[in-house]
Each structure stands twice: as structure tokens, then as C-alpha cells.
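A short worksheet on the structure shown next.
So that the names make sense, note that chain A is the first sequence line, chain B the second, and so on, each numbered from 1.
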Amino acid sequence: MNSEENKEGSPLDFIRTMVAEDIKTNKHGGRVETRFPPEPNGYLHIGHAKAICLDFGVANEFGGVCHLRMDDTNPTKEDMEYAESIMNDVRWLGFDWGKHLYYASDYFEKMYECAVELIKRGKAYVCDLTPEEWPEYRGTLTVPGKSSQYRERSIEENLDLFRRMRDGDFADGSKVVRAKIDLASPNIHMRDPAIYRIRREHHYRTGNDWCIYPMYDFAHCLEDYFERITHSLCTLEFEIHRPLYDWFLINLGFEDRPEQTEFARLALTYTVMSKRKLLMLVQENLVHGWDDPRMPTICGLRRRGYTPEAIRKFCEVIGITKYNSLTDVALLEHCLREDLNKLTPRVLAVMNPLKVVITNYPDGQVDELEAVNNPEDPEAGSRIVPFSREIYIDRNDFMEDPPNKYFRLAPGREVRLRYGFFIKCENVIKDADDNILEIHCTYDPETRGGSAPDGRKVKGTIHWVSANHAVKAEVRLYDRLFMVEQPGEDDIDFRTQLNPDSLKIAECWLEPSLANVKPGELFQFERQGYFCVDLDSTPELPVFNLTVTLKDSWSKNQGK
RNA sequence: AGCCCCGUGGUGUAACGGUAGCACAAGUGAUUCUGAUUCACUUUGUUGAGGUUCAAAUCCUUACGGGGCUACCA
């Protein structure tokens, strides 16, 4: 009867096979309905993206629909701010739930009726055991539970007590409703789990209408059933809850039941994914909010310059399994680079300026040079960048005493200015303390545009901006937030594993075409990495967030 | 400890019982007006032991290893 017995291949294949089979056998009238059911108690993160892609992906693949449902049955932690951010993020990721937006809290009345029905069927009872007393009756992993006096209350008494629980006759925590299942079950979740609790708490949607709230195990299968979900996909930790999921629906006499299937949640190296810990980072100001670009939240990734396409590609590539794995963030970054590489315009920018005076270039003269916007995309066209006697190059692009395989500028060496001219370093100007103030170069007018008529080659091409034309901006360099592969493990406070250098702020000098960039625009600063103009940007001082640094074997070799 | 789930290169994943493949990472080389990109090549794997079979990553047994569950959270 359980299709899992015929399981073959990977869980994703299993899910596909199952859905295809169900369509073929007309199990749910050929319908496919899935759902993404977050609790609105925090912001969505990359782990949720995996679930979203699966839930919506399966529905789309089989011509079904996917619901977005706020699983808001616990009034203490939930808020509309979260619900709105969730809708925003799902939409941004590129998924559409159409008219299928639901709130579990809209079902409170129906759920209450289901609990009444369960009581009427002798399948649930009101229990007066305190949370402290309960473990004694529930038993342990090895010891079966035992019955309490409350377990044998009459149906009439239970109905009356449950009614009065709803009416507010009893104090918070003084009574719960329990499903009457099996106190000796090896599965602890089947040992008379609580399905309703008393909690006088303002709910962000139902206000003070209710003082009793349903528990997850009872509520979730009902939500799925009410919405006529066919395939209920969830993470592995709910596997052991599945018998309960089925028990409620069966004992309520429901037909055409949804079926729960579990898959592994995402774990990423160097990344904290626990909502609790992410909330702590926000509350303790260890980051600047849920959308801090260092956060693994969808909004954080968005602000950092991640594209929905890159995230969806990542979710596709990691696959679906039934065992816990630890995925390398490098894979996520690879997916982003792959996407950004083909769509981001290249721009010239210098982050750590060193002045270069072109001694044989006339003062006051300006050359307008043509620069290709994106070599990967001919459609992207080109732009003009000004060149003049004084320019800035990056300090890293000059070494007074270069090691063997250094390709860039050094005394006596010639390099190419990207889209510009060949320049040769003739002189290094220093102050009394031996600090390099500026360098003097000569340029070869014949090399305008970047190639020499005599065919001579240079080993390096460096980036530059005209000192008089440059636009200043702020760059925030975000490194990974955590230094260890799996933060917060082994009883170590995960906060002690934060990378102190995860955020560096620097000024940079941009080519003039970037004077009016808009928030959210993406760029590649050539040879330095991918950038996203921050949503906080002002026209006077754009703020760029670094997303992923380009692969740079030069800097790697430096580390060895 | 009882119950449940799961073991394929460094990582993430494929393979009706029939050639162990792909991607990332790493390395080498080529091309390059970004030390990027692109391209080519290379290294590394079925947890162990028994079975069943002409044939096992796949089926069975067992050992070992990893994960989950003991909330009036979801």
C-alpha cells in the first residue's frame, strides 16, 4: 500500500516516479498540488530556496499548482513582516502561486471541528497533566508510557472540557487535548501527542479570537487535506511524524489523502542556516539585519548581487537525497559566477589607488577610448572612457621588486592599460619614509586601443581610471561570515566563530560612466570581482557590494 | 539505549541486476586586451565481510559508520 516499498533510484526520481504514477493511476483525479508551507517567524534563506524549487518545480513539471501557505499556528513567534518578506522572496525567486495563497490560521475553526470530531470518535481526550508531569507518563526511548486517569474520561466530559478550553475557562498550560493513540509505541510521537494547547497570546492575524492553538502534527496534515494537496514534500526530520500525519487523516475518515514524502535539508559549508541563530545574529547586531549581504537569507543574497537564476541553478545542481549532506559554498558561488559572467557589464574601477603620471602625455589633453561592455555578449555594445595625463591604477598592480611570475607593472616594465595604451614605468616617486607616492610612466601613442603596430606583446593588462574624471564610490567587501566549515557545532558558541574581517569598507574610483548607477545593478569590476550596487546607494556616493571574487591564481600563488 | 532513516572520488550527485558517468573542487597545459572567461587533459570512488546470480553500487544477511526522534515549536 505504501508506494515507498517500490522505491527506486534517488528521492528526486522517486518523487517524480511517484507523481507520474499517481497521475497515471488517476489517484487524485490526475491532479498534482504541492505546497510550500513556511512558518512566518523569520526570513527565508537558501535552504528554503531548495524546498521552494522542489515544491514549485514538481508542480510545474507535471502541470500542477503549488500553494504558498503561511503555517502560522504558533502565535508567539509569527508576524506579518515575515509573511510579507516570504511572499516577496518567493516571487523574486521566480515562482508564482497564483491565487493559491493560504494561511493556516484561516483554518482554526475547521481544525477545532476536526478535534471535536476526533473526541466524538473516542480518538482524543482532554488531559490535565502538566508539562512537568507528562514525561513520566510518556515514558522514554526504552520505557513505554503509561495511562493517566484523564485518558479514560468520557466523550461527553471531553467535549465539555474542550469547549470550555476554547471559551477561556482554564489557565494557560493547565490542559491539553491529546490524540489517543498508543502509549507503548516505539515511536514517541505516537504516544498520545498533544494536539491543542491553551495559550493566551495575540496572534498577528486572528488577534485574540483564540486562546487555544493546534499543534503542528495535528494542524499540518489538515492544512494539506483542506487544500487538497496531493504531494506533501517536507524535510527529513518529519519522517518520524509521518505515521501521525496519516493517523489523523485516517481516523477522521478522510479520503483522497495527501501523501508526505521527505528529503534532506540543505547544509552549506561556512554557513549558518538555523533560523534561531540567524535571528540571534540580527538581534545582537552582529550583522546589519536580515538582508545583510553576508546573510544566507534570500534577501541577503539578493542584496549581495545573487540572481534568481543562479539560485535556481544551484538548487537544480545539488539534487535531492534522503541523507544529510554538506554542500560546498563554492558550488553556490560557481552558479553565480556562471550567470553573472554572461550578463554583467565590465567596468573600470580602482580600489586602492596609486597615481600614475604619463610624462609624455600633454597636460590638459583628453583621449576618448572605446571600451567593450561585455566580451561575452556582443549585444552589450561599448562605451567611451576618458584618458588623461594623470591616472590611477591599483596599488596591487605595481611592484617595485616583483617576484618571478608577476605580470604587471614594475620599474622598467611595460604593460597595457585596458582599452588604452601601453605604458612603461620610468620612475618611482617616494617620500622620506620610502612610501611610494606616485609613479612616472611614458606611453606609446602607437598603441592606442591596446595593440602595438610593431607586434610586440606585453604580459599584463591592468585597470585604470582617469584621475580627473573618476567618480568616487564606496565598496563593501564581504567575505564569508564564518571561519569554520560547520559553524556552531560541538557545543562551541557559533558567535565565537565569526570572521572579524567579514566586512571591509573602502573607497574606490570608478570610470565616469558609472556616475548614475541604480541600486540593484550588477557589474564586474574587471579583474577584481562581481559587484552589485547596493539598495542603500545614494546618487552622490554609490555603494557597491562585492559578491564573488574572480578566481585569481595570482593571489592563490601568493598564499603558498 | 529503543525505534526510524541513510552510506558511490575531497564535495554534491547519476547508473531496468549488465561499460561506475556528470558537476564542483584540485592539478596540468592551450588560447586570451580581465592572472577572469573559454577549451583540453589529469588525479581521486561504490564502508567492510559473507552470500544469491553467468553478472551486484543495485537483491539478501551481518558488521561498521553517519543522521534523526524523548516540545503544550514548526
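- At a cut-off of 3.5 angstrom, counting only N and O atoms as typed in the model, there is no donor on one side facing an acceptor on the other between the side-chain of A:Gln528 and the base of B:rU34.
- No side-chain donor-acceptor contact under 3.5 Å links A:Arg418 and A:Thr461.
- No engagement by A:Ser185 is indicated, since no non-hydrogen atom pair under 4.0 Å with the nucleic acid exists.
- One atom, CD of A:Gln486, and another, P of B:rG67, lie 11 Å apart when rounded to the nearest Å.
- Positionally, the nearest nucleotide of RNA chain B for A:Tyr419 lies more toward the 5' end than for the other of A:Tyr419 and A:Leu129.
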Test A:Asp169 against A:Arg164 for salt bridge (Lys or Arg N to Asp or Glu O under 4.0 Å), laying out the working first. CA-CA 5 Å; A:Asp169 288 0; A:Arg164 289 168 61 197; 3.1 Å; yes

Every protein N/O lying under 3.5 Å from an N/O of nucleotides 62-64 of chain B:
none

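- Among the atoms of the strands shown, none is found under 4.0 Å from any heavy atom of A:Ile195.
- The interatomic distance linking A:Asp192 (CG) with B:rA71 (P) rounds to 15 Å, in whole Å.
- The nearest heavy atom of RNA chain B to A:Lys459 and to A:Thr327 marks one nucleotide each, and the one closer to the 5' end goes with A:Thr327.
- Here the nucleotide nearest the side chain of A:Glu376, chosen from B:rC73, B:rU34, B:rU37, is B:rU37.
- Following rounding to the nearest Å, A:Lys457 (NZ) and B:rU31 (C1') show an atom-to-atom distance of 11 Å.
- The side chain to side chain donor-acceptor pair (under 3.5 Å) contacts involving residues 179-189 of chain A comprise nothing, where partners must be two or more places apart or lie in separate chains.
- Stacking of A:Arg200 on the aromatic ring of A:Trp210 is not recorded, the 6.0 Å distance cut-off and the 45° axial limit not both being met.
- As judged by a 4.0 angstrom heavy-atom cut-off over every strand, A:Ile240 is placed among the base-contacting residues.
- A donor atom on one side chain and an acceptor atom on the other are not found under 3.5 Å apart for A:Glu376 and A:Asn374.
- Here A:Pro144 lies out of heavy-atom contact (under 4.0 Å) with every strand.
- More than 12 heavy atoms of other residues, nucleotides or ligands lie within 6.0 Å of NZ in A:Lys146, so this atom counts as buried by the packing criterion.
- The phosphate of B:rU13 (OP1 or OP2) has a side-chain N or O of A:Ser325 nearer than 4.0 angstrom.
- A:Arg35 and A:Ser232 form a side-chain donor-acceptor contact under 3.5 Å, judged by distance and modelled atom types alone.
- With no hydrogens or angles considered, no side-chain donor-acceptor pair links A:Asp71 and A:Tyr103 at under 3.5 Å.
- Taking a pair as Watson-Crick or G-U wobble with both distances under 3.5 Å, the runs of three or more consecutive pairs in RNA chain B are B:2-7 with B:64-69, B:10-13 with B:21-24, B:26-30 with B:38-42, B:47-51 with B:59-63.
- The aromatic ring of A:Tyr323 does not stack onto the base of B:rG66, failing the criterion of a centre distance under 5.5 Å from the six-membered base ring together with planes under 30° apart.
- Residue A:Lys77 is classed as a base contact, given a heavy-atom separation below 4.0 Å to a base.
- Within the 4.0 angstrom heavy-atom criterion, no nucleotide atom of any strand lies near A:Ile462.
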Carefully, step by step, assess A:Tyr392 and A:Ser466 under the rule side-chain contact (heavy atoms from CB on, under 4.5 Å). CA-CA 6 Å; A:Tyr392 293 123; A:Ser466 167; over 6 Å; no

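- In this structure, A:Tyr196 reaches neither bases nor backbone, as no heavy-atom distance under 4.0 Å exists between it and the strands shown.
- Residue-level contact check: A:Arg138 touches the backbone only, with heavy atoms under 4.0 Å from sugar-phosphate atoms and none from bases.
- Here, B:rA57 and B:rA14 have their C1' atoms 11 Å apart, quoted to the whole Å.
- Heavy atoms of A:His220 sit nowhere under 4.0 angstrom from any nucleic acid atom.
- No engagement by A:Asn187 is indicated, since no non-hydrogen atom pair under 4.0 Å with the nucleic acid exists.
- Among A:Lys424, A:Arg456, A:Arg408, the single residue meeting the salt bridge (charged side-chain N to carboxylate O under 4.0 Å, His left out) criterion with A:Glu414 is A:Arg456.
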